[in-house]
2 protein chains.
Amino acid sequence: MSPRTQKQFEEIREEKRALIMDVALDHFANAGYHAATINHIARHAGISKGLMYNYFDSKEALLEAIMKRSVMEVYEYFDLNKDGYLSEDEFDFFIRKISAVLRNKRSFWRLFFQLVLQNEVREKFSVLSSNPLIKMEFFTGEEKFLLDISGVITDYFMRKRETRGPDYDPILDMNMFLITLKGYAITRIYIDDDEDDEKTINRIIELFK
Amino acid sequence: MSPRTQKQFEEIREEKRALIMDVALDHFANAGYHAATINHIARHAGISKGLMYNYFDSKEALLEAIMKRSVMEVYEYFDLNKDGYLSEDEFDFFIRKISAVLRNKRSFWRLFFQLVLQNEVREKFSVLSSNPLIKMEFFTGEEKFLLDISGVITDYFMRKRETRGPDYDPILDMNMFLITLKGYAITRIYIDDDEDDEKTINRIIELFK
DNA sequence: TATTTTTGACCAACCGTTCAACCATAAAGA
DNA sequence: TCTTTATGGTTGAACGGTTGGTCAAAAATA
């Protein structure tokens, strides 16, 4: 018989797990995964080194948990399973959502880009992405998680062909869109306070709507 | 007295130094600087670990030497000290040069983006860059090296104002150009064989000429 | 033989990880 | 109300392994 109820324990555990993951994400992003140390994370989370291993099996498992949580947060934010269809009216909203998710989760994106830039980490942790930011495949053991907005985007640009003339090249337009999106992402990851951000966002919408 | 002439020694030393740096650059880019090991580099360069320290004082010094060499190569490739002026006619050539320098030195760019994504490495090795790809400041001890094409680009877009109408916003146009350039760079670093590359390049030139 | 290159065993430091021992809590028993 | 007790939280010393770096000795060269 447990002195505390099962639920109490789980709530406390979940809170502490979240705290550790928050601290670790920042440290991973700042120092890089390999240079980051369990000691540093434990100290900044206000717990002992040993306790880290009560919550996460290993440093690698901690990274996996962080990545999975972040991908799920982005996934839920975009709510792609709802319809998976991007209308022209929703396009503004879509771009603004991307802008917001980049701003709000900068540490994650910093870490994400670092990981996908490294071949060996990419293989080890299965953070596969031939098209980062657009397609994120991530699986740990049995579970598999996939965030893929490439289908939605492809669909959107193919439909544009109907309203544009025969000279319209949907593939080229989409590639330019993806390039712009990634360039915007990298820029936004570095520079946080950009007073021209609204202008830039509007221009991107104007160019690809 | 030295059995070989001073010059002979220096030539051999320079060659071996270059070999080590080539191997190290690939390994740093693939595994990440911190995960990369001196042992691995020595083995793949066909020398012993101890000899590494005959050529470079430390792992950090090796990274600095690699970064400095790469920045100098890019610098010489662009030949910016020649005029520092980018005319409209040269714009095509300029974009194609960027494309080529991204393709030819992919390992360096992979490493570069990894480093500038990490705050602590950025501080430690002074690879400063508020605008990566556009401005690279790098100094080691006394020496200082700077690659900055931002001035040339700013100048180019300010001049565009004269031929465009009063509605033309040079700052916005330049920001979009930089975003596009960085997005193109990130894309090109990941994907090496893109049959649509020529189309993309032409479109970028068309958009910002 | 004089000089430089090259080696690999060696070292201290640090890393991720483990574990036996304590601590805190709250229900159960007196 | 106070003590007991069971349970999971928490600690930090300790461990094995790896790393960057050193150095005395050997090999290579002209």
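Order of the sequence lines sets the chain letters (A, B, ...), proteins ahead of strands, with each chain counted from 1.
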Quiz item: For the pair made of CD1 in B:I20 and C1' in C:dT6, what is the distance, rounded to whole Å?
Solution: 12 Å
Quiz item: Over how many whole Å does the gap from A:I38 atom CD1 to C:dT18 atom C1' extend?
Solution: 13 Å
Self-check item: Passing option when A:L62 is tested against A:Y55, A:Y33, A:F28 for side-chain contact (heavy atoms from CB on, under 4.5 Å)
Solution: A:F28
Quiz item: Counting a pair only when it is Watson-Crick or G-U and both distances are under 3.5 Å, which runs of at least 3 such pairs involve DNA chain C?
Solution: C:1-30 with D:1-30
Exercise. Would you indicate what B:A35 reaches in the nucleic acid, counting non-hydrogen atoms under 4.0 angstrom: base, sugar-phosphate, or nothing?
Key: nothing
Quiz item: At under 4.0 Å between heavy atoms, what does A:A42 touch on the DNA or RNA strands: base, sugar-phosphate, or nothing?
Solution: nothing
Practice problem: Under 4.0 Å from any atom of DNA chain C, heavy atoms only: list the residues of residues 49-57 of chain A that qualify, in numerical order. | Solution: A:K49, A:G50, A:Y53
Practice problem: Mind telling me whether A:F112 and A:W109 have parallel, tilted or perpendicular rings, with 30° and 60° as the class edges? | Solution: perpendicular
Using the test salt bridge (charged side-chain N to carboxylate O under 4.0 Å, His left out), find all partners of [X] that sit at least two apart in sequence or belong to another chain.
X      : value
B:R159 : B:D155
A:D57  : none
B:D196 : none

Quiz item: Of all the nucleotides listed (C:dT5, C:dG16, D:dT11), which has the minimum atom distance to the side chain of A:K59?
Solution: C:dG16
Self-check item: Sequence-distant partners of B:F157, ring pair (Phe, Tyr, Trp, His ring centres under 6.0 Å), two or more places apart
Solution: B:F177
